[in-house]
Structure formats: C-alpha cells, structure tokens
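One structure is given below, encoded as structure tokens.
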Amino acid sequence: MVTVTLNGTEHALPDGATVADAVRAVGAPEDGRGVAAAVDGEVVPRGEWALRVLTADERVEVLQAVQGG
Amino acid sequence: MTAFEIAGRSFRSRLVIGTGGFRSLDSMRDAVLASGADMATVALRRVDPAARGSILELLDDCGCFILPNTAGCFTARDAVTTARLAREALETDWVKLEVIGDDKTLLPDASELLEAAEELVSDGFTVLPYTTDDPVLARRLEDVGCAAVMPLGSPIGSGMGIANPYNLRLIVESARVPVILDAGIGTASDAALAMEAGCDAVLLASAVSRAEDPRAMAEAMRKAVEAGYGARKAGRIPRRLYAQASSPEEGVAELSESGSP
C-alpha cells in the first residue's frame with residue numbers, strides 16, 4: 001500500500017495507484033467535466049491521470065467546479 | 001443594450017453573475033435566468049462526494065459562459081496553480097483572478113495580484129483581475145496584458161456599494177480594456193450608479209444570492225444595469241447648485257397686485 005494525503009486526509013491506496021485511482025477514490029467521475037487534479041501543487045493533465053503513479057506522502061488534490069464568486 | 005466584448009468574445013448582457021451564496025441550485029437557476037446574464041463565475045473546491053447536481057450543466061442550460069475564479073488564494077503561486085487547474089477542469093483559458101491579502105476585508109493583495117496576472121498572461125490566459133479601486137494598479141494590470149479590470153466597489157459581500165466613486169471615475173477614464181465593477185453591490189441603485197459612472201459591466205453575486213427573493217433581485221439588477229447604461233449613453237444633465245426652471249419663464253400671469261405674497 002502507498003499512503004498519500006488525498007484532499008487533506010490520509011488515504012491508503014494499492015501500490016502502483018495512479019492519479020486516476022485517487023480521483024475515483026474521492027468519488028469524482030474519472031472522465032467528469034469540471035474535475036482537475038494536482039500532485040504536490042503541480043497540475044496533472046487529465047490525459048496523464050492513468051499514467052502518473054503516486055508515491056508515499058504525496059499530496060493529491062482533486063477539485064471540481066462549485067458555486068462561487 | 002448593445003453587446004460588449006472582452007478579448008474578442010461578445011456578451012449580450014452587461015450583468016455578470018457570480019454563483020456563490022445561493023441556497024439551492026433551483027434558486028440559482030431562477031436567478032440566473034432572471035438576471036439575463038450570459039457569463040457566470042464558478043469556484044474550484046475539493047470534490048464533495050455528497051454534492052448533488054451539476055452546476056456546469058445548469059449554467060450551460062442557462063446559456064452562460066463559465067468563468068472560473070481563484071477565490072480563496074492568498075498567494076500568486078496558489079492563484080496561478082488554481083487557474084491552471086481550472087483550465088484543466090473546464091477547458092477554458094479565461095480566469096477571474098483573485099488574490100486576497102486579508103481575510104477580514106477580502107481585499108486584493110496588489111503585489112501578488114500583479115505577479116499572478118503577469119504570469120498567467122504569459123501562459124496564454126485571458127485574465128480578468130479582481131482588483132482594488134486604485135487607478136494606478138488598474139493601469140499596471142492593463143499594462144501586463146489583462147483583458148479587463150474588475151475594481152471593487154467595496155469589500156466582497158459587504159453591500160456597501162461604491163465606496164470611492166472618484167477612483168472608479170479615474171479608472172474608467174483611463175482604461176483601454178473593459179471595466180467591470182466587481183464586489184460591493186448591495187442593491188439595484190448601486191449597479192445603476194456603476195453603469196452611470198461608465199463601467200462596461202457589473203459583476204455581482206451576494207446582492208442577488210443572499211437577497212430575500214433572489215429571482216426578483218436578479219430581475220431588478222438586470223433592469224438597473226440596463227437603466228444605468230442607458231442613462232450613461234443618453235448623457236445626463238450637469239449638477240447645478242440652484243434650480244433651473246423647466247416651465248417657461250415668459251408669459252407668467254400676474255394674478256395678484258404685487259406678484260408676491
């Protein structure tokens with residue numbers, strides 16, 4: 001298992017888990033419009049979600065559009 | 001009301017609606033439609049699995065162009081990253097750039113704002129910065145390539161209207177990009193005043209979303225923006241210290257001997 005900080009809370013994901021797995025883990029639609037992800041403050045483009053393997057202690061943020069402004 | 005353009009994109013309505021603060025998506029839909037706005041802001045936040053309904057579909061149905069903001073960012077770095085996340089999420093390179101310097105007043109941080117604006121412009125973004133009512137800062141933002149400037153009337157959600165009409169006038173006078181009054185609108189007359197002062201558009205959220213009847217207030221705001229724009233175009237009379245009779249001064253009947261009481 002690999003432990004990452006996912007949207008502010010610690011999450012254990014299987015070894016080899018990718019950003020796509022993290023996006024699924026927070027309940028966001030993987031191909032959903034209006035969703036974006038960053039790892040340690042760097043944007044990971046949607047096309048790379050399934051390729052970007054997570055390593056221990058990385059901070060993953062999965063965001064979506066909400067009411068605001 | 002004639003359309004206005006930002007960075008080559010035309011908008012029918014000069015009222016831009018912020019979507020924050022509505023009690024429900026239904027209430028938001030009614031208000032957005034009543035406002036006539038064709039541009040609406042959204043924020044980016046952590047995914048909430050319990051959230052129901054899609055704000056993006058709703059805004060699409062309302063015919064709104066979606067403008068993501070960087071609300072909640074206190075540094076240029078965070079704002080730039082948030083803008084890039086918004087570009088990924090929404091496939092737009094437009095951003096309402098907010099970099100806040102103080103959590104009590106939510107006033108913009110001028111130096112961080114300018115730094116973020118410059119970086120985002122060079123990264124290909126169409127940047128609409130939420131700024132103070134400082135005419136010099138507005139010019140600096142324009143100089144680094146912002147597509148519009150969006151000075152506040154007064155702090156976000158305060159409903160205090162236009163605190164410094166003089167500064168707003170200076171910004172409008174010298175701007176070569178659209179000026180959108182953003183923040184501080186409390187009621188319809190504030191929006192009308194902003195348009196009469198020569199702003200190209202008004203952006204508001206709380207004034208509608210937190211009104212007792214958001215749909216009715218949205219309609220009032222639409223009319224206020226149209227009325228203020230119309231009055232500006234029509235050319236108001238100058239202010240005078242003394243009266244100027246509107247009825248003819250000649251031909252007044254003499255009805256009593258002295259003509260005075």
Side-chain angles (χ1 to χ4, degrees), chain A, chain B residues 16-25 27-28 32 39-51 53-60 66-72 77-78 80-92 95-96 98 128 130 150 156 182-183 203-206 209:
Chain A
M1 299 294 272
V2 57
T3 302
V4 297
T5 304
L6 182 49
N7 280 359
T9 55
E10 284 198 351
H11 252 76
L13 296 170
D15 282 326
T18 64
V19 172
D21 297 316
V23 169
R24 262 193 301 272
V26 295
E30 194 183 342
D31 57 349
R33 179 179 170 222
V35 179
V39 177
D40 284 348
E42 293 293 323
V43 180
V44 180
R46 187 168 307 169
E48 296 171 21
W49 285 359
L51 307 172
R52 174 63 166 82
V53 175
L54 296 172
T55 59
D57 301 328
E58 282 186 315
R59 284 179 301 110
V60 186
E61 294 284 342
V62 184
L63 307 180
Q64 71 180 157
V66 300
Q67 288 183 47
Chain B
V16 183
I17 192 99
T19 61
F22 287 98
R23 288 180 280 269
S24 69
L25 285 179
S27 160
M28 188 181 105
V32 170
M39 173 157 47
T41 67
V42 297
L44 279 191
R45 289 293 179 267
R46 286 170 170 167
V47 167
D48 174 7
S54 165
I55 185 175
L56 299 178
E57 275 177 31
L58 189 157
L59 292 174
D60 281 346
I66 294 169
L67 179 67
N69 69 26
T70 62
R77 195 176 157 203
D78 283 357
V80 167
T81 304
T82 301
R84 289 182 177 142
L85 284 163
R87 180 165 61 184
E88 271 298 304
L90 301 168
E91 293 167 1
T92 178
V95 64
K96 172 184 166 178
E98 285 182 51
L128 286 64
Y130 164 63
M150 307 208 294
I156 294 169
D182 182 1
L203 194 165
L204 55 85
S206 307
S209 67

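The sequence lines fix the lettering, A, B, ..., with proteins before strands; numbering per chain opens at 1.
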Check your understanding: So, the side chain of B:T41 versus the backbone of A:G68: is there a donor-acceptor pair under 3.5 Å, distance only?
Key -> yes
When every non-hydrogen atom of B:T19 is compared with those of A:V66, the smallest separation belongs to OG1-O, 4.4 Å
Practice item. Mark yes when over 12 heavy atoms from residues, nucleotides or ligands other than B:R77 sit less than 6.0 Å from its CZ; otherwise mark no. Key: no
With A:Q67 as partner, the option from B:L58, B:L25, B:V42 fulfilling side chain to side chain contact (heavy atoms under 4.5 Å, CB included) is B:L25
Note: B:R84 and A:V43 closest approach over all heavy atoms is CB-CG2, 3.6 Å
Tightest non-hydrogen contact, residues B:V47 and A:N7, listed as N-ND2, 3.6 Å
Tightest non-hydrogen contact, residues A:A65 and B:L90, listed as CB-CD2, 4.1 Å
Among B:A43, B:S206, B:G18, the residue with the most heavy-atom pairs under 4.5 Å to chain A is B:A43
Okay, B:I66 and chain A: the region with an atom under 4.5 Å from a heavy atom over there is side chain
Here the gap from B:E91 atom CD to A:R46 atom CZ, rounded to the nearest 0.5 Å, amounts to 6.0 Å
Bottom line for B:F22: the part with an atom under 4.5 Å from chain A's heavy atoms is both
Crowding at CG, A:D57 (>12 non-hydrogen neighbours, <6.0 Å):
no
Okay, B:L67 and chain A: the region with an atom under 4.5 Å from a heavy atom over there is neither
In short, salt bridge (charged side-chain N to carboxylate O under 4.0 Å, His left out) pairs touching residues 60-69 of chain A with sequence neighbours left out are A:E61-B:R46
So, the part of B:L85 with a heavy atom under 4.5 Å from chain A: the answer is both
